[in-house]
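Have a look at the structure below, then the notes.
We count ligands from 1, going down the list as the structure has it; atoms in each ligand are counted the same way.
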Amino acid sequence: MVNFYDLSLLELKQFLVGHGKEKFRAEQLFRWVYQKGVTDFSQMTNISQDFREEIKNILDFKLPKVVHQADSVDGTRKFLMAVDGGKNIESVLIPNEDRLTLCVSSEVGCAMGCQFCFTAEMGLMRRLNVSEIVGQFLNAQKSLNGTKRITNIVFMGMGEPLDNVDNVTKAIEILHEQVGIGLSKKRITVSTSGIVPQIHRVAKVGARLAVSLNATTNEIRDKVMPINRKYNLEKLLEACKQYYLESKDMITFEYVLLKGINDSIDDAHRIVQLTKNIPSKINLIPFNEHPESGFVRPSQHEVNKFQKTLMNAGKHVLVRRTMGRDIYAACGQLRSEMEKHPQKMSV
Ligand code: SAH
Ligand code: SF4
(Lines give C-alpha, C1' and ligand atoms only; values in the text may rest on other atoms or scores of the structure.)
(Ligands and ions follow the chains in the order given, each with its own letter.)
Protein backbone atom coordinates (compact mmCIF):
# COMPACT_ATOMS: atom_id res chain seq x y z
CA MET A 1 0.00 0.00 0.00
CA VAL A 2 1.10 3.52 -0.79
CA ASN A 3 -0.16 6.48 1.20
CA PHE A 4 -1.95 8.88 -1.15
CA TYR A 5 -0.84 11.89 0.93
CA ASP A 6 2.81 11.03 0.42
CA LEU A 7 2.55 11.62 -3.32
CA SER A 8 2.86 14.83 -5.31
CA LEU A 9 0.61 15.10 -8.35
CA LEU A 10 3.52 14.14 -10.59
CA GLU A 11 4.35 11.12 -8.46
CA LEU A 12 0.72 10.02 -8.43
CA LYS A 13 0.69 10.21 -12.21
CA GLN A 14 3.82 8.08 -12.39
CA PHE A 15 2.41 5.68 -9.86
CA LEU A 16 -0.82 5.23 -11.83
CA VAL A 17 1.02 4.85 -15.13
CA GLY A 18 3.17 2.20 -13.46
CA HIS A 19 -0.05 0.34 -12.68
CA GLY A 20 -1.26 0.61 -16.26
CA LYS A 21 -3.70 3.49 -15.64
CA GLU A 22 -4.25 6.80 -17.42
CA LYS A 23 -2.41 9.68 -15.88
CA PHE A 24 -5.35 12.12 -15.98
CA ARG A 25 -6.83 9.98 -13.21
CA ALA A 26 -4.33 11.60 -10.87
CA GLU A 27 -5.99 14.98 -11.30
CA GLN A 28 -9.41 13.46 -10.72
CA LEU A 29 -8.20 11.86 -7.51
CA PHE A 30 -6.57 15.09 -6.30
CA ARG A 31 -9.86 16.95 -6.84
CA TRP A 32 -11.90 14.34 -5.00
CA VAL A 33 -9.56 14.10 -2.07
CA TYR A 34 -8.19 17.62 -1.58
CA GLN A 35 -11.05 19.73 -2.92
CA LYS A 36 -14.10 17.68 -1.97
CA GLY A 37 -12.69 15.80 1.00
CA VAL A 38 -13.83 12.46 -0.40
CA THR A 39 -11.63 9.43 0.25
CA ASP A 40 -14.27 6.77 -0.17
CA PHE A 41 -13.76 5.42 -3.68
CA SER A 42 -17.40 4.41 -3.98
CA GLN A 43 -18.37 8.11 -3.93
CA MET A 44 -16.04 9.06 -6.78
CA THR A 45 -18.77 9.09 -9.38
CA ASN A 46 -16.71 10.10 -12.42
CA ILE A 47 -14.31 7.21 -11.89
CA SER A 48 -15.12 3.82 -13.34
CA GLN A 49 -16.06 0.95 -11.09
CA ASP A 50 -13.14 -1.18 -12.32
CA PHE A 51 -10.61 1.53 -11.64
CA ARG A 52 -11.98 2.10 -8.14
CA GLU A 53 -11.83 -1.60 -7.34
CA GLU A 54 -8.21 -1.86 -8.37
CA ILE A 55 -7.01 1.38 -6.87
CA LYS A 56 -8.38 0.68 -3.43
CA ASN A 57 -5.98 -2.21 -3.09
CA ILE A 58 -2.91 -0.10 -3.74
CA LEU A 59 -3.64 3.34 -2.25
CA ASP A 60 -4.66 4.26 1.27
CA PHE A 61 -5.48 7.52 3.02
CA LYS A 62 -3.84 7.22 6.38
CA LEU A 63 -3.49 10.45 8.37
CA PRO A 64 -2.00 11.20 11.78
CA LYS A 65 -4.70 10.66 14.39
CA VAL A 66 -5.83 13.65 16.44
CA VAL A 67 -5.56 12.37 20.00
CA HIS A 68 -6.20 15.64 21.76
CA GLN A 69 -7.43 19.09 20.92
CA ALA A 70 -7.30 22.10 23.24
CA ASP A 71 -8.83 25.54 22.75
CA SER A 72 -7.28 28.60 24.36
CA VAL A 73 -9.30 31.54 25.66
CA ASP A 74 -7.64 33.65 22.93
CA GLY A 75 -8.95 31.47 20.08
CA THR A 76 -5.76 29.47 19.55
CA ARG A 77 -6.33 25.75 19.08
CA LYS A 78 -3.67 23.13 19.66
CA PHE A 79 -3.73 19.60 18.28
CA LEU A 80 -1.81 16.64 19.50
CA MET A 81 -1.56 14.06 16.73
CA ALA A 82 -0.24 10.53 16.93
CA VAL A 83 2.14 9.40 14.21
CA ASP A 84 3.59 5.96 13.52
CA GLY A 85 6.02 4.66 16.06
CA GLY A 86 3.99 5.71 19.11
CA LYS A 87 5.08 9.33 18.85
CA ASN A 88 3.10 12.55 18.97
CA ILE A 89 3.43 15.85 17.20
CA GLU A 90 1.74 19.18 17.75
CA SER A 91 0.15 21.74 15.45
CA VAL A 92 -1.33 25.08 16.46
CA LEU A 93 -4.08 27.10 14.74
CA ILE A 94 -3.70 30.81 15.35
CA PRO A 95 -6.43 33.30 14.36
CA ASN A 96 -5.22 36.82 13.67
CA GLU A 97 -7.55 39.39 12.12
CA ASP A 98 -8.25 38.20 8.59
CA ARG A 99 -5.74 35.34 8.78
CA LEU A 100 -5.96 31.86 10.14
CA THR A 101 -2.46 30.47 10.42
CA LEU A 102 -1.52 26.86 11.07
CA CYS A 103 1.82 26.27 12.72
CA VAL A 104 3.01 22.80 11.71
CA SER A 105 5.72 20.45 12.93
CA SER A 106 8.34 19.03 10.62
CA GLU A 107 9.94 16.51 12.97
CA VAL A 108 9.26 14.65 16.20
CA GLY A 109 11.62 16.54 18.48
CA CYS A 110 14.63 18.37 17.09
CA ALA A 111 18.36 17.72 16.84
CA MET A 112 19.49 21.34 16.92
CA GLY A 113 19.79 21.70 20.67
CA CYS A 114 18.90 25.37 21.02
CA GLN A 115 19.29 26.16 24.70
CA PHE A 116 16.04 28.08 25.13
CA CYS A 117 13.75 25.67 23.27
CA PHE A 118 11.53 23.14 24.95
CA THR A 119 11.40 20.90 21.86
CA ALA A 120 15.20 20.64 21.91
CA GLU A 121 15.06 18.71 25.17
CA MET A 122 13.43 15.79 23.34
CA GLY A 123 16.30 15.41 20.91
CA LEU A 124 15.42 14.23 17.40
CA MET A 125 13.17 11.21 17.44
CA ARG A 126 12.39 11.16 13.75
CA ARG A 127 11.68 13.25 10.70
CA LEU A 128 8.07 13.42 9.55
CA ASN A 129 7.07 11.99 6.23
CA VAL A 130 5.11 14.00 3.68
CA SER A 131 1.70 12.61 4.62
CA GLU A 132 2.30 13.54 8.25
CA ILE A 133 2.98 17.14 7.27
CA VAL A 134 0.09 17.46 4.80
CA GLY A 135 -2.04 15.54 7.32
CA GLN A 136 -1.61 18.22 9.98
CA PHE A 137 -3.22 20.69 7.58
CA LEU A 138 -6.05 18.33 6.64
CA ASN A 139 -6.85 17.44 10.25
CA ALA A 140 -6.82 21.08 11.35
CA GLN A 141 -8.96 22.14 8.40
CA LYS A 142 -11.41 19.36 9.19
CA SER A 143 -11.76 20.53 12.79
CA LEU A 144 -13.20 23.81 11.45
CA ASN A 145 -16.20 21.97 9.99
CA GLY A 146 -16.27 24.11 6.88
CA THR A 147 -16.75 27.34 8.86
CA LYS A 148 -13.34 28.83 8.08
CA ARG A 149 -10.36 28.16 5.88
CA ILE A 150 -6.74 28.06 6.91
CA THR A 151 -5.06 30.93 5.05
CA ASN A 152 -1.39 30.56 6.04
CA ILE A 153 1.06 27.89 7.10
CA VAL A 154 4.21 28.41 9.12
CA PHE A 155 6.80 25.69 9.73
CA MET A 156 7.39 26.87 13.28
CA GLY A 157 6.18 23.89 15.26
CA MET A 158 8.38 21.07 16.46
CA GLY A 159 11.54 20.37 14.52
CA GLU A 160 13.91 22.03 12.10
CA PRO A 161 12.25 22.06 8.66
CA LEU A 162 15.54 22.30 6.77
CA ASP A 163 16.74 19.16 8.52
CA ASN A 164 13.85 17.45 6.70
CA VAL A 165 13.96 19.58 3.58
CA ASP A 166 12.94 17.01 0.96
CA ASN A 167 9.71 16.14 2.73
CA VAL A 168 8.96 19.73 3.72
CA THR A 169 9.34 21.03 0.16
CA LYS A 170 7.33 18.16 -1.27
CA ALA A 171 4.53 18.86 1.24
CA ILE A 172 4.61 22.52 0.15
CA GLU A 173 4.19 21.46 -3.48
CA ILE A 174 1.20 19.31 -2.55
CA LEU A 175 -0.45 22.05 -0.47
CA HIS A 176 0.03 24.44 -3.39
CA GLU A 177 -1.24 22.11 -6.13
CA GLN A 178 -3.94 23.88 -8.14
CA VAL A 179 -6.11 20.81 -8.62
CA GLY A 180 -5.83 20.27 -4.86
CA ILE A 181 -5.78 22.72 -1.96
CA GLY A 182 -4.24 25.50 -4.02
CA LEU A 183 -2.63 27.42 -1.17
CA SER A 184 -0.35 30.21 -2.39
CA LYS A 185 3.31 29.53 -1.67
CA LYS A 186 3.63 33.12 -0.53
CA ARG A 187 1.40 32.15 2.36
CA ILE A 188 3.74 29.40 3.46
CA THR A 189 6.73 30.30 5.64
CA VAL A 190 9.63 28.03 6.48
CA SER A 191 11.45 28.99 9.66
CA THR A 192 15.03 27.83 10.14
CA SER A 193 17.64 28.01 12.84
CA GLY A 194 20.17 28.44 10.04
CA ILE A 195 20.99 25.27 8.10
CA VAL A 196 22.83 27.36 5.56
CA PRO A 197 23.32 24.84 2.70
CA GLN A 198 19.58 24.20 2.51
CA ILE A 199 18.31 27.78 2.52
CA HIS A 200 18.34 27.94 -1.30
CA ARG A 201 15.75 25.15 -1.32
CA VAL A 202 13.23 27.53 0.27
CA ALA A 203 13.81 30.01 -2.56
CA LYS A 204 13.57 27.20 -5.11
CA VAL A 205 10.23 25.92 -3.87
CA GLY A 206 8.94 29.50 -3.70
CA ALA A 207 8.04 29.69 -0.01
CA ARG A 208 8.85 32.53 2.35
CA LEU A 209 11.83 32.36 4.67
CA ALA A 210 12.03 33.13 8.37
CA VAL A 211 15.38 32.92 10.13
CA SER A 212 15.77 32.52 13.87
CA LEU A 213 18.55 35.02 14.48
CA ASN A 214 18.31 35.13 18.27
CA ALA A 215 21.78 36.61 18.90
CA THR A 216 23.97 39.31 17.39
CA THR A 217 27.45 37.99 18.05
CA ASN A 218 28.94 34.63 17.19
CA GLU A 219 30.02 34.29 20.79
CA ILE A 220 26.46 34.36 22.16
CA ARG A 221 24.90 32.58 19.21
CA ASP A 222 27.43 29.74 19.53
CA LYS A 223 26.20 29.27 23.07
CA VAL A 224 22.44 29.47 22.61
CA MET A 225 22.22 27.92 19.14
CA PRO A 226 24.88 25.22 18.58
CA ILE A 227 24.17 25.24 14.81
CA ASN A 228 26.07 28.56 14.77
CA ARG A 229 29.33 26.71 15.43
CA LYS A 230 28.89 25.09 12.03
CA TYR A 231 27.28 27.96 10.11
CA ASN A 232 28.15 31.26 11.74
CA LEU A 233 26.40 34.61 11.44
CA GLU A 234 28.42 35.69 8.41
CA LYS A 235 27.56 32.53 6.50
CA LEU A 236 23.93 32.71 7.58
CA LEU A 237 23.48 36.32 6.50
CA GLU A 238 25.21 35.64 3.18
CA ALA A 239 22.70 32.81 2.53
CA CYS A 240 19.89 35.22 3.41
CA LYS A 241 21.16 37.68 0.81
CA GLN A 242 21.23 34.92 -1.77
CA TYR A 243 17.69 33.94 -0.84
CA TYR A 244 16.58 37.50 -1.44
CA LEU A 245 18.36 37.70 -4.79
CA GLU A 246 16.66 34.54 -5.95
CA SER A 247 13.18 35.09 -4.54
CA LYS A 248 12.87 38.88 -4.19
CA ASP A 249 10.92 38.09 -1.04
CA MET A 250 11.44 39.87 2.22
CA ILE A 251 12.86 37.74 5.02
CA THR A 252 11.53 37.63 8.56
CA PHE A 253 14.17 37.55 11.28
CA GLU A 254 12.84 36.06 14.46
CA TYR A 255 14.51 37.15 17.64
CA VAL A 256 13.71 35.47 20.93
CA LEU A 257 14.40 37.99 23.69
CA LEU A 258 16.30 36.41 26.59
CA LYS A 259 16.82 38.66 29.57
CA GLY A 260 20.45 39.60 30.12
CA ILE A 261 21.65 37.43 27.23
CA ASN A 262 20.66 39.12 23.96
CA ASP A 263 18.35 42.00 24.92
CA SER A 264 20.74 44.94 25.40
CA ILE A 265 20.46 48.15 23.43
CA ASP A 266 23.81 47.26 21.83
CA ASP A 267 22.18 44.07 20.57
CA ALA A 268 19.40 46.12 18.98
CA HIS A 269 21.99 48.29 17.23
CA ARG A 270 23.84 45.20 16.05
CA ILE A 271 20.63 43.76 14.58
CA VAL A 272 20.32 46.91 12.51
CA GLN A 273 23.91 46.51 11.27
CA LEU A 274 23.63 42.81 10.54
CA THR A 275 20.40 43.09 8.56
CA LYS A 276 21.03 46.38 6.84
CA ASN A 277 21.55 45.01 3.34
CA ILE A 278 18.80 42.42 3.57
CA PRO A 279 15.20 43.47 2.88
CA SER A 280 13.60 42.13 6.01
CA LYS A 281 11.39 42.62 9.00
CA ILE A 282 12.04 41.64 12.58
CA ASN A 283 9.72 39.61 14.78
CA LEU A 284 10.59 39.94 18.44
CA ILE A 285 9.46 36.99 20.55
CA PRO A 286 9.70 37.58 24.29
CA PHE A 287 10.95 34.30 25.71
CA ASN A 288 8.19 31.87 26.65
CA GLU A 289 9.16 30.27 29.88
CA HIS A 290 9.16 26.53 30.44
CA PRO A 291 10.31 24.42 33.37
CA GLU A 292 14.00 24.48 34.21
CA SER A 293 15.03 26.43 31.13
CA GLY A 294 17.24 28.79 33.12
CA PHE A 295 16.22 31.72 30.89
CA VAL A 296 14.01 34.65 31.82
CA ARG A 297 11.61 36.73 29.79
CA PRO A 298 12.50 40.45 29.78
CA SER A 299 9.93 42.89 31.21
CA GLN A 300 7.42 44.58 28.94
CA HIS A 301 9.32 47.83 29.44
CA GLU A 302 12.58 46.24 28.25
CA VAL A 303 10.85 44.69 25.25
CA ASN A 304 9.35 48.06 24.30
CA LYS A 305 12.72 49.78 24.61
CA PHE A 306 14.35 47.17 22.39
CA GLN A 307 11.59 47.51 19.82
CA LYS A 308 11.82 51.31 19.86
CA THR A 309 15.56 51.24 19.20
CA LEU A 310 14.98 49.12 16.12
CA MET A 311 12.09 51.26 14.94
CA ASN A 312 14.08 54.44 15.34
CA ALA A 313 16.71 52.94 13.06
CA GLY A 314 14.02 52.41 10.42
CA LYS A 315 13.47 48.69 10.90
CA HIS A 316 10.08 47.16 10.44
CA VAL A 317 9.59 45.35 13.73
CA LEU A 318 6.75 43.57 15.47
CA VAL A 319 6.54 42.01 18.90
CA ARG A 320 4.86 38.69 18.55
CA ARG A 321 1.89 38.43 20.85
CA THR A 322 1.98 35.37 23.01
CA MET A 323 -0.90 33.18 21.94
CA GLY A 324 -2.21 30.04 23.53
CA ARG A 325 -0.07 30.21 26.62
CA ASP A 326 -2.79 28.66 28.76
CA ILE A 327 -2.74 25.53 26.59
CA TYR A 328 1.04 25.45 26.30
CA ALA A 329 0.94 26.28 22.62
CA ALA A 330 3.26 29.29 22.50
CA CYS A 331 6.49 29.39 20.51
CA GLY A 332 9.11 27.08 21.85
CA GLN A 333 6.72 25.39 24.24
CA LEU A 334 5.85 22.50 22.01
CA ARG A 335 6.76 19.08 23.08
CA SER A 336 4.45 16.17 23.04
CA GLU A 337 2.57 16.98 26.19
CA MET A 338 1.76 13.33 26.67
CA GLU A 339 5.35 12.69 27.70
CA LYS A 340 5.58 15.55 30.12
CA HIS A 341 2.13 15.46 31.72
CA PRO A 342 0.66 12.01 31.04
CA GLN A 343 -1.95 12.40 33.74
CA LYS A 344 -3.37 15.53 32.10
CA MET A 345 -4.11 14.08 28.72
CA SER A 346 -7.54 12.90 27.78
CA VAL A 347 -7.64 10.76 24.71
N1 SAH B 1 13.31 25.01 14.07
C2 SAH B 1 12.82 26.17 13.47
C3 SAH B 1 11.33 26.35 13.59
C4 SAH B 1 10.71 25.95 14.89
S5 SAH B 1 11.09 26.96 16.26
C6 SAH B 1 13.55 27.40 13.99
O7 SAH B 1 14.26 27.29 14.98
O8 SAH B 1 13.41 28.44 13.38
C9 SAH B 1 10.07 28.37 15.97
C10 SAH B 1 10.52 29.66 16.65
O11 SAH B 1 10.35 29.56 18.07
C12 SAH B 1 11.99 29.98 16.42
O13 SAH B 1 12.14 31.31 15.99
C14 SAH B 1 12.60 29.81 17.80
O15 SAH B 1 13.71 30.66 17.97
C16 SAH B 1 11.44 30.18 18.69
N17 SAH B 1 11.54 29.68 20.06
C18 SAH B 1 12.05 28.52 20.48
N19 SAH B 1 11.94 28.41 21.82
C20 SAH B 1 11.31 29.54 22.25
C21 SAH B 1 10.87 30.00 23.52
N22 SAH B 1 11.03 29.26 24.61
N23 SAH B 1 10.25 31.20 23.59
C24 SAH B 1 10.04 31.92 22.48
N25 SAH B 1 10.41 31.52 21.25
C26 SAH B 1 11.04 30.34 21.13
FE1 SF4 C 1 14.96 23.01 16.93
FE2 SF4 C 1 13.99 25.42 16.27
FE3 SF4 C 1 13.86 24.51 18.80
FE4 SF4 C 1 16.21 25.20 17.77
S5 SF4 C 1 14.45 26.57 18.13
S6 SF4 C 1 15.81 23.35 18.94
S7 SF4 C 1 15.98 24.53 15.67
S8 SF4 C 1 12.83 23.65 17.04
Side-chain angles (χ1 to χ4, degrees), residues 89-92 94 101-128 133 136 153-165 168 188-196 198-199 201-202 207-216 220-231 236 239-240 243 251-259 261-263 271 280-298 303 306 318-325 328-336 340:
I89 49 169
E90 296 188 319
S91 322
V92 185
I94 309 153
T101 301
L102 182 69
C103 176
V104 294
S105 295
S106 53
E107 299 180 314
V108 185
C110 185
M112 299 301 132
C114 302
Q115 295 282 296
F116 46 80
C117 176
F118 202 28
T119 308
E121 291 176 22
M122 293 171 74
L124 176 65
M125 296 189 167
R126 86 171 161 80
R127 298 179 174 92
L128 295 184
I133 299 172
Q136 293 173 64
I153 294 180
V154 293
F155 282 85
M156 295 183 188
M158 293 162 77
E160 166 52 54
L162 297 190
D163 182 49
N164 189 16
V165 69
V168 164
I188 303 178
T189 301
V190 175
S191 173
T192 182
S193 57
I195 310 219
V196 166
Q198 305 299 352
I199 287 181
R201 299 280 302 270
V202 185
R208 290 194 180 261
L209 177 69
V211 171
S212 299
L213 188 62
N214 296 349
T216 61
I220 299 295
R221 204 166 188 274
D222 276 352
K223 285 195 186 125
V224 293
M225 299 183 74
I227 186 74
N228 197 68
R229 297 174 206 158
K230 199 159 176 195
Y231 309 114
L236 177 58
C240 291
Y243 169 87
I251 294 171
T252 301
F253 287 106
E254 297 158 281
Y255 196 89
V256 181
L257 284 165
L258 306 164
K259 189 180 169 70
I261 309 279
N262 66 358
D263 65 339
I271 292 181
S280 54
K281 56 181 182 180
I282 318 278
N283 258 351
L284 298 177
I285 319 175
F287 175 63
N288 291 313
E289 290 174 2
H290 50 85
E292 295 153 38
S293 76
F295 293 103
V296 177
R297 180 189 185 104
V303 173
F306 198 90
L318 286 176
V319 178
R320 196 177 295 162
R321 264 192 308 151
T322 302
M323 302 283 283
R325 237 178 158 187
Y328 238 63
C331 284
Q333 290 192 320
L334 301 186
R335 166 167 179 170
S336 81
K340 200 81 186 170

Keeping [X] on the side-chain end and [Y] on the backbone end, is there a donor-acceptor pair under 3.5 Å?
X: D263; Y: F306; result: no
X: S212; Y: S193; result: no
X: N262; Y: N214; result: yes
X: N228; Y: R221; result: no
X: E289; Y: R297; result: yes

Mind listing the protein N/O/S atoms less than 2.8 Å away from atom 4 (Fe) of ligand 2? Waters don't count.
C114 SG

N/O separation below 3.5 Å, G159 to ligand 1
yes

Looking only at distances, can you tell me whether any N or O atom of C117, backbone or side chain, sits closer than 3.5 Å to an N or O atom of ligand 1?
no

Close-contact set for ligand 1 against [X] heavy atoms, below 4.0 Å:
X: I285; result: 24 (C), 25 (N)
X: E160; result: 1 (N), 2 (C)
X: G157; result: 4 (C)
X: T192; result: 6 (C), 8 (O)
X: S193; result: 6 (C), 7 (O), 8 (O)
X: F155; result: 3 (C)
X: F287; result: 21 (C), 22 (N), 23 (N)

Could you pull out all residues at least two apart from R208 that satisfy salt bridge (Lys or Arg N to Asp or Glu O under 4.0 Å)?
D249

Would you please name every residue forming a salt bridge (Lys or Arg N to Asp or Glu O under 4.0 Å) with E107, sequence neighbours left out?
R127

Heavy-atom distances under 4.0 Å are what count here, so tell me which part of [X] touches ligand 1: side chain, backbone, both or neither.
X: E254; answer: side chain
X: F118; answer: neither
X: V211; answer: neither
X: H290; answer: side chain
X: V256; answer: side chain

When distances are taken from atom 2 (Fe) of ligand 2, the protein heavy atom at minimum range is G159 O, 4.4 Å

Evaluate E160 against I227 for side-chain contact (heavy atoms from CB on, under 4.5 Å), listing each step before the verdict.
CA-CA 11 Å; E160 166 52 54; I227 186 74; over 6 Å; no

Measuring only between side-chain heavy atoms, which start at C-beta, is [X] closer than 4.5 Å to [Y]?
X: P286; Y: V319; answer: yes
X: I195; Y: M112; answer: yes
X: Y231; Y: L236; answer: no
X: F295; Y: Q115; answer: yes

Report the distance from atom OG1 of T192 to atom CD of Q198, rounding to the nearest 0.5 Å.
9.0 Å

For R126, check side chain to side chain donor-acceptor pair (under 3.5 Å) against everything at least two apart and list the hits.
E132

Taking the non-hydrogen atoms of F295, is any one of them nearer than 4.0 angstrom to ligand 1?
no

